[in-house]
Amino acid sequence: MMFRRGQSLLMDALLLHRLHFAFTVTYHYLFPQLTMGLALLIVVLKTVALVRHNERYNEAARFWAKIFALNFLIGVVTGIPMEFQFGTNWAQFSRTTGGVIGQPLAMEGVFSFFLESAFLGLFLFGEKRLSPWAHWASAFLVFVGSWISGFFIIVTNAWMQHPVAYSVLPNGSFEVTSFWWLLMNPWALLQYAHNMSGAVITGAFVMCSVGAFYILENRFAEHGRIFVRVGVIAGVIACVTQIFPTGDLHGRYLAQHQPASIAAMEGLFSSQAGAPIVLMGQPDEATQSIDNPIVVNNLLSFLIYGTTRAEVKGLDQFPRDQWPSPLPLLFYSYHIMAGLGTYFALLMLLEALLLWRGKLFETRWALWLLLLSFPLPYIANTAGWMTAEIGRQPWLVYGLIRTSDGYSKNVSAGNTLFTLLGFMGMYTVLSILFIILVYRTVSEGPSTGNRPLGTKTTPLTMA
Amino acid sequence: MGFIWFWIVAVMLAAYVVLDGFDLGVGILHSLLARSEPERQIMLRSIGPVWDGNEVWLLAGGGTLYFAFPALYASAFSGFYLALMIVLWLLILRGASIELRMHIDDGLWRSFFDGLFFFSSLLLAVFFGAALANVIRGVPLREDGYFFLPLWTDWRVGPQPGILDWYTVIGGVVALVALAIHGALYLAVKTEGDLQARVRTFVRRSWIVLLAITVISLIATIAVRADTLTNYYAYPVAFVIPVAVLGSLGGILYFCRREADRNAFASSCAYLSTMLVGAAVSLYPRLLPSSNDLGHDITVQNSISGPYALRVGLAWWAFGMVLAIVYFVVTYRMFRGKVNLDGGGYGH
C-alpha cells in the first residue's frame, strides 16, 4: 500500500485489514508448525519405546507431550480467530468464494479438530488406563488429526494461489465444480509437502536444542542424547526434503503460474536469457535495480528451466499494478527463507555425520550450534509464508479477485485498528505466560521412572 | 437442500450450546460455589478433558455455516464485528485460564486464572445470548446485503439498534442464568458430598429466576418482532416447542428436588435445545432478518452455496459426523463417573 492523498498510513482500511490478518496468522502459525512437527516426532519416540521396550523413550515422549500440550493450547486459542476473520475482515472475499473454500475450512473442523481434541485427551490422560498399543494409537491419531488440519488449510490457501475447479455464477460469486480437483490441486500437494517438511524442521530443531542443552549442562543427559539423536535424524531428512524435491518443484510450479511473483522474489527487473540469481542485495523499485548485488550468473535460468540460456521473464513484462507489493519485503522474505533453508541442510548434514561417527555428544561446538539454532526455523517458516502471501499480491485470489476488493468495506479503519491493537495486547500476555511455562517445563526436565501422563506431576488438563 | 443445511447448521450450533454451555456454566459457578482449592480443582477437572472438544462444535458449526451460507457468514460476521472480536478474546482467555491455572502450584497464580475464568465464562454466556437475540430482532441490512452495528447506541430497539439494547440484554441474561443452571446440573452429576449438595441448592433457588426470565424473553420477542409466530400459526404443530420448553423447565426442578441428577441435566439439555429450535422455527427461511423497512432479509435462498457443493458436502458431512459422535462417545465413556482428586489428573 502506498500513501493516499489526505489519508495517513495507519488509517488506510485495506492496509489495516491486511495487517490484522497478517499479524494474527503469523503469530498463530508459530505454534502449529511446532505441534505438527512434534506430533510426528512423538510418534517416533513412542514407536521406539514400544518396539525396543525402552522406558527412556517413553519418558522422552511424556516430556514432549507436555511441551506439545502447551503449544497446542496456544495454537487452538489463536486459531479460532483465523476462521472468524474470513467473515469479519474479509467479508466480500468470503461472500464470493465461500462456495469453494468454505468446503475445506468446514472439513477441517469436522475431520480434524474433533479427532485431535478427542485423542489428545486420551493421549495426555489415558496412559494409565490404555494398553501401550492403544496409547501409541492415540499419539498416532493426534498426529493424523494435526496433519489433516494442515492439509485443509493448505488446500484453502492453494486455491487462492492457484484457483482450480471453479465456475463463476451470474452474481459474481464462485462455485466449486469438482470436489476432487479442489482437494488434489497440484499447487496444494506441492505446498503441503513443502510446508509439512518445514514443520518437521521446526520440531526437529526444537527437540535438538533442548537435547543439546541437557547434554551441555550435564542434566538429564541420557534423555538429551535421545532428543538429539531423534532430532538430527528427522532433521536431516526434513532439511534435505525441504530443498529437494519439495522446494525445487514448488519453485518451478510457481515460476510457471505466478511469473510476476518469481521475478519479484528474485529481484529480476528486466527479462533476460541466462538470468542470474541474486544472493544478496537491496531492491530499489524507483530505479528498478538491485543495490550492492552479489550474483551468480545464469543460475536462475538453470534452476527454473534446466538450461543456463533460457529466458526468464522480468518484472518489465508486467504492468506496474500487477507487481506484488511490498516488493522489497517479498524479496527479503524469500531470501531469508532460502538462505536459512540452505543453512539448515548444511548444519544437519554435518550433525548427522558427527552422529554417525559417534562423536556428536562429545563435540561441544556442534551441540552449541544445535542449542542456538532453534529460533531459525520459526523465522524461515514465517518468511516462507510471507513469500507465498506477498508473492500472491495484488491478488487475493490469483488473477480473479484483487486484495483491494476483498476486505470488509463496512468495517471502518478505526474499528480494525482497535481490534488489531487488542490482539497485539492479548498475544503479548499469552507470549509471556507461554515462555514462563515452557521455561519451567524445560528446567524441570523429563521425569524418570514409570510415571504415566496424567499423574500429579503432570498437571495438565488439556483435552 | 436449503432446508436440510439450515437444520444442519442449527443442530451443530445447538450441540455447541448444550456442550460448551456446561463448561461456561462451570466457569460462572466455580468462583461462587467452590469453598476450597480441592473443590475448585474438582470443578475444573469435571470439564478438563472435554471442554476443548466441546468448543470444536463452534468451529465446525461456523465452518459449516461459511460453507453452506457464505453470504450470511460475510454479512453477519462483518456486521457484528466488535462483538465477535470480543467473543474471540473471551474464548482465548477462557481456554488459557482453564489450562494454565494448573501449571503452577501457587495461590496468586491460581487466583488470577480463577478470576479470568469466571469473567470470561460469564461474559461469553451473555454475549452468546445477546447474539441470538440480535439475529431474532434483525439488523439494519442495506441493499448490498451488509450492515454494521456498534456495540450500543441508545439501548432501544429502533431502526438503528446497537448490538446491545434492552431486548438483546434480556437474551444475554437468559443465557447467563440458563447456562449457570446447566453447569450446576452437570456438576451435580460429576461431584459428590457437600459440593454436590451446594450445586443442587443453587439450582433449586435460581430456578424461579430462569422461569421468570424465560417467560419475559418470550413475551419480549413477540413484542419486538410481530412476525415471530407466523410460522407457528402456519404449522400449529410447532406449538409443541414452547410447551416442551416449559416442560423441560419443570423437569429441571422436579428431578433436581428428587436428586435424579442425570435426568435433571437431561432436562436442562432439552430446555436449551428446545429454546434454540423454537427460535430456528420462527426464523426459517430467514437467516438474518432486516430490522428496517427495506426488507433485505438474508434468507436461505439468497445466501446458499451452489447445488454441487452442497450435495458433495452432505456426503462428507454425514461421514464426519458419524466419526465425531464416535469420538465423543469414547471420550465421555473414558472420563465418565464422579470426579475425585485421588491419583491426580483425571483418574477417577
Side-chain angles (χ1 to χ4, degrees), chain A residues 73 76-78 80-81 83-84 86-89 91-92 94-95 97-100 102-103 105-111 113-115 117-119 121-122 125-126 128-129 169 173 175-177 179 408-411 415 418-419 422 426 430 433 437 440 453-456 458-463, chain B residues 44-45 48-53 56 58-60 62-64 66-68 70-71 73-79 81-82 84-85 88-89 91-92 95-96 98-100 102-104 145-148 305-306 308-309 312-313 316-317 320-321 323-324 327-328 330-331 334-335 343-347:
Chain A
L73 169 73
V76 166
V77 296
T78 59
I80 304 168
E83 184 185 292
F84 277 49
F86 277 82
T88 50
N89 297 75
Q92 191 53 34
S94 297
R95 171 184 291 260
T97 63
V100 182
Q103 187 118 329
L105 285 178
M107 290 181 79
E108 185 197 23
V110 169
F111 288 102
F113 294 154
F114 282 124
L115 180 70
S117 63
F119 288 96
L122 290 185
F125 310 120
K128 272 186 297 183
R129 268 170 280 181
L169 297 176
S173 59
E175 188 189 10
V176 64
T177 52
F179 177 67
S408 306
K409 302 262 171 20
N410 51 335
V411 177
N415 279 302
F418 178 81
T419 57
M426 183 77 69
L430 278 185
L433 295 170
L437 293 171
R440 280 174 63 96
L453 281 170
T455 54
K456 259 196 177 126
T458 53
L460 300 163
T461 52
M462 193 76 201
Chain B
L44 280 167
R45 284 177 183 195
V50 294
W51 76 267
D52 177 46
V56 170
L58 179 65
L59 280 168
T64 307
Y66 180 19
F67 156 67
Y73 192 80
S75 175
F77 277 48
S78 58
Y81 186 81
L82 283 170
L84 272 162
M85 289 292 167
L88 290 172
W89 296 340
L91 285 171
I92 292 173
I98 296 178
E99 294 303 320
L100 301 185
M102 305 295 266
H103 277 271
I104 299 183
Y146 289 108
F147 68 98
F148 185 86
S305 276
Y308 170 76
V312 175
W316 62 250
W317 184 84
M321 276 304 109
L323 290 179
Y327 307 149
F328 268 75
V330 169
T331 310
M334 189 84 181
F335 299 105
Y346 289 99

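Predicted model, so just to flag it, every value in this text is computed and none were measured. Chain letters run A, B, ... following the sequence lines, proteins first and then strands; every chain starts at 1.
Both the backbone and the side chain of Ile92(B) have a heavy atom closer than 4.5 Å to some heavy atom of chain A. When heavy atoms are compared at a cutoff of 4.5 Å, Leu59(B) approaches chain A by way of both its backbone and its side chain. Of the atoms belonging to Glu83(A), heavy atoms from both backbone and side chain fall under 4.5 Å from chain B. At a 4.5 Å heavy-atom cutoff, Glu108(A) makes no contact with chain B through either its backbone or its side chain. Only the side chain of Leu437(A) has a heavy atom closer than 4.5 Å to any heavy atom of chain B. Residue Phe147(B) touches chain A through its backbone alone, counting heavy-atom pairs closer than 4.5 Å.
Between Arg129(A) and Met334(B), the shortest heavy-atom contact is NH1-O, 2.9 Å. Closest approach of Ala60(B) and Gly109(A) over heavy atoms only: CB-C, 4.1 Å. Residue Pro70(B) comes nearest to Gly99(A) through the heavy atom pair CG-N, 3.9 Å, listed as atom of the first residue, atom of the second, then distance. Nearest approach of Thr331(B) to Ala118(A), heavy atoms of both residues: OG1-CB, 3.6 Å.
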- Item | Stepwise side chain to side chain contact (heavy atoms under 4.5 Å, CB included) test for Trp316(B) and Gln103(A) | CA-CA 10 Å; Trp316(B) 62 250; Gln103(A) 187 118 329; 3.5 Å; yes
- Any chance you could lay out the side chain to side chain contact (heavy atoms under 4.5 Å, CB included) test for Lys409(A) and Phe148(B), step after step, and finish with the verdict? CA-CA 10 Å; Lys409(A) 302 262 171 20; Phe148(B) 185 86; over 6 Å; no
- Taking it one step at a time, do Leu115(A) and Leu323(B) satisfy side chain to side chain contact (heavy atoms under 4.5 Å, CB included)? CA-CA 8 Å; Leu115(A) 180 70; Leu323(B) 290 179; over 6 Å; no
- Task: Take Arg95(A) and Tyr146(B) through the test side chain to side chain contact (heavy atoms under 4.5 Å, CB included) and record every step on the way to the result.
- Result: CA-CA 11 Å; Arg95(A) 171 184 291 260; Tyr146(B) 289 108; 3.2 Å; yes
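Remark: Tyr81(B) pairs with no residue by the ring-ring contact (aromatic ring centres under 6.0 Å, His included) rule, at least two apart or across chains. Tyr73(B) is linked by a ring-ring contact (aromatic ring centres under 6.0 Å, His included) to Tyr66(B), Phe77(B), counting only residues two or more places apart in sequence or in another chain.
Neither side chain, Asp52(B) nor Ser117(A), offers a donor N or O lying under 3.5 Å from an acceptor on the other.
Among Phe114(A), Phe119(A), Phe113(A), Phe111(A), the one residue that satisfies the ring-ring contact (aromatic ring centres under 6.0 Å, His included) test with Tyr327(B) is Phe119(A). Partner of Ser78(B) under the side-chain hydrogen bond (donor to acceptor under 3.5 Å, both in side chains) criterion, chosen from Asn89(A), Asn415(A), Asn410(A): Asn410(A).
Checking side-chain atoms of Tyr308(B) against main-chain N and O of Phe179(A) turns up a donor-acceptor pair under 3.5 Å.
For the set Leu430(A), Thr78(A), Thr177(A), the entry with the most heavy-atom pairs within less than 4.5 Å of chain B is Thr177(A). Listed options Leu84(B), Leu58(B), Thr64(B), Val312(B) were ranked by heavy-atom pairs under 4.5 angstrom with chain A; first place goes to Val312(B). Between chain B and the options Val110(A), Thr419(A), Val77(A), the largest number of non-hydrogen pairs under 4.5 Å is found for Thr419(A).
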